[in-house]
Colleague: 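Okay, handing you the structure first.
Residue numbers start at 1 and run along the sequence shown. Below, each value reflects all heavy atoms present in this structure, side chains not excepted, and no hydrogens, waters or symmetry copies. Every number for a ligand or one of its atoms is a count from 1 in the order of the listing.
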Amino acid sequence: MKDKYSRRDFFKTGMGISLAAMLTGGKNLIRGEETAGRMRVVASGNGIRATEKAMELLREGKDPLDAVIAGVNIIENDPNDISVGYGGLPNEEGVVELDASVMHGPTHNGGAVASLRNIKNPSKVAKLVLERTDHALLVGKGALRFAKAHGFKEEKLLTDRSRKIWLRRKEMLSDRDFWYPPKSEELEPELQSYISTHGTINCIAINAKGDLAAVTTTSGFFYKIPGRVGDSPIIGAGLYVDNDVGAAGSTGRGEANILNCGSYQAVDFMRRGFSPEEACLRALERIAQKSKLLPRLLNKDGLPRFGLSFYAINKKGEYGGASLWSGRKFAVHDGKENKKKPLAYLYKRK
Ligand code: GLY
């Protein structure tokens with residue numbers, strides 16, 4: 001059943017124009033000086049180690065973009081996280097293809113790579129696209145050549161664990177091909193839950209000066225068609241930063257997000273005076289509305305049958321996040337403690 005805007009305070013402000021937006025006449029009232037000392041880092045639920053690391057670096061005075069990239073590198077390097085980087089789940093041919101983007105608030109500059117093979121830290125390559133080229137997005141072989149030109153070493157990214165999950169999916173796809181069905185004992189029960197997984201990490205930070213930055217990195221949909229690019233490397237979809245307003249990023253079904261420029265929308269709602277949580281909910285609501293035009297994306301109740309979440313921080317250091325469906329969490333370091341918090345949501349899972 002639809003449980004719109006799970007937070008009571010959003011009910012109060014969400015029906016019509018928010019109080020903040022009314023008071024500001026739609027103008028941005030957020031000023032940089034108000035943020036001094038309000039360091040914050042948020043990330044998707046799989047990013048609790050990233051928020052810890054990023055906050056450590058913010059405290060040392062590091063640039064917020066360097067901080068969030070160092071944070072997500074921990075997850076990219078972890079073979080046990082099968083949603084990003086090394087050990088990420090592969091495409092239908094068993095090849096790991098990675099997408100990532102970064103955006104730096106103070107310079108309003110961004111960089112991204114898509115369908116990058118054999119390099120486990122696409123977020124670092126995305127930052128080099130920002131720093132060392134006049135481009136915003138490099139893909140495929142060009143992105144790989146660029147990474148190698150900067151000294152990145154090619155590595156095999158498919159771990160044995162991810163290979164087994166891929167093989168199981170391949171064997172269970174059809175009884176009309178030459179692959180026998182999987183033997184159940186060939187894959188430990190815990191791995192079966194990953195059969196239709198996709199995952200991503202987004203991480204956003206604001207430093208003591210009120211400067212914002214964001215990164216999103218992923219191995220994309222498991223078993224995707226080779227060359228498929230998700231929302232993560234698309235600036236405006238997988239993330240967006242406006243240093244005068246705030247930053248937002250996403251995880252979940254990339255196609256729905258690309259078609260609606262969701263992170264841009266979330267930042268734009270913050271510009272109009274909505275809180276980060278309200279802004280994320282409103283971006284999701286628009287995506288849910290548009291998805292109704294595509295019946296294959298709907299469940300039997302006529303609601304989106306996919307997952308999508310947004311995370312956001314505004315210029316004041318206020319943070320929030322929201323998901324289409326209940327039950328999800330995000331990682332927050334508020335300068336004092338690092339913990340997972342529930343995301344607001346549009347629809348309550350039955
Ligand atoms: N959000 C990650 C993807 O769709 O690839």
Side-chain angles (χ1 to χ4, degrees), residues 42-47 50 68 72 75-76 81-85 87-93 95-103 110 112-117 119-120 122-123 125-126 137 139-140 143 157 162 165-166 169 194-204 214-240 247-266 280 283-284 287-288 290-291 294 296-297 304-312 321-325 328 330-331 343:
V42 300
S44 42
N46 54 348
V68 290
V72 301
I75 322 298
E76 286 177 334
D81 187 306
I82 58 171
S83 69
V84 296
L89 288 173
N91 67 21
E92 67 181 9
E93 292 173 353
V95 179
V96 181
E97 287 182 333
L98 303 178
D99 298 338
S101 64
V102 300
M103 198 162 175
V113 289
S115 285
L116 177 64
R117 298 181 175 192
I119 304 290
K120 72 179 171 193
S123 59
V125 186
L137 171 62
V139 306
L157 301 184
S162 291
I165 297 169
W166 167 80
R169 171 99 184 232
Y194 297 126
I195 291 291
S196 57
T197 285
H198 62 89
T200 301
I201 179 165
N202 165 252
C203 187
I204 302 171
V215 59
T216 305
T217 177
T218 189
S219 52
F221 272 129
F222 174 36
Y223 222 79
K224 61 193 172 186
I225 295 173
R228 177 264 186 187
V229 173
D231 58 333
S232 303
I234 308 298
I235 289 171
L239 56 71
Y240 190 70
S250 74
T251 59
R253 183 182 159 79
E255 283 73 4
N257 191 19
I258 290 172
L259 293 172
N260 293 282
C261 306
S263 290
Y264 180 83
Q265 289 209 33
C280 294
L284 285 167
I287 292 169
K290 295 293 182 193
S291 298
L294 292 171
R296 68 186 161 76
L297 295 180
R305 61 180 182 86
F306 56 86
L308 189 60
S309 304
F310 289 103
Y311 319 92
S323 192
L324 272 177
W325 291 96
R328 300 196 68 87
F330 69 135
L343 285 167

Colleague: Grab the two heavy atoms, one from Arg228 and one from Asp99, that are nearest each other, plus how far apart they are.
Modeller: O-OD2, 4.4 Å
Colleague: Under the side-chain hydrogen bond (donor to acceptor under 3.5 Å, both in side chains) test against Thr200, which residue among Asn46, Thr218, Thr216 passes?
Modeller: Thr218
Colleague: Output the list of atoms in ligand 1 that are nearer than 4.0 Å to some heavy atom of Gly230, sorted by atom number.
Modeller: 5 (O)
Colleague: Show me which atoms of ligand 1 lie under 4.0 Å from any heavy atom of Ser232.
Modeller: 1 (N), 2 (C)
Colleague: For Gly254, counting its heavy atoms only, list the atoms of ligand 1 lying under 4.0 Å from any of them.
Modeller: 4 (O)
Colleague: In Å and rounded to the nearest 0.5 Å, what is the CZ to OG distance from Phe310 to Ser263?
Modeller: 5.0 Å
Colleague: Report the distance from atom CD1 of Ile234 to atom CG of Asn257, rounding to the nearest 0.5 Å.
Modeller: 10.0 Å
Colleague: I need the Thr217 OG1 to Ile201 CD1 distance, nearest 0.5 Å.
Modeller: 8.0 Å
Colleague: Does Arg228 come within less than 4.0 Å of ligand 1, judged by its heavy atoms?
Modeller: yes
Colleague: Side chain or backbone, does Gly220 bring an N or O within less than 3.5 Å of an N or O on ligand 1?
Modeller: no
Colleague: Any idea which atoms of ligand 1 are less than 4.0 Å away from a heavy-atom of Gly252?
Modeller: 1 (N), 2 (C), 3 (C), 4 (O)
Colleague: Just how far is it from atom OG of Ser219 to atom NZ of Lys120, taken to the nearest 0.5 Å?
Modeller: 15.0 Å
Colleague: Would you mind listing which atoms of ligand 1 come within a distance below 4.0 Å of any non-hydrogen atom of Thr200?
Modeller: 1 (N), 2 (C)
Colleague: With heavy atoms of Asp231 as the reference, note each atom of ligand 1 found under 4.0 Å away.
Modeller: 1 (N), 2 (C), 3 (C), 4 (O)
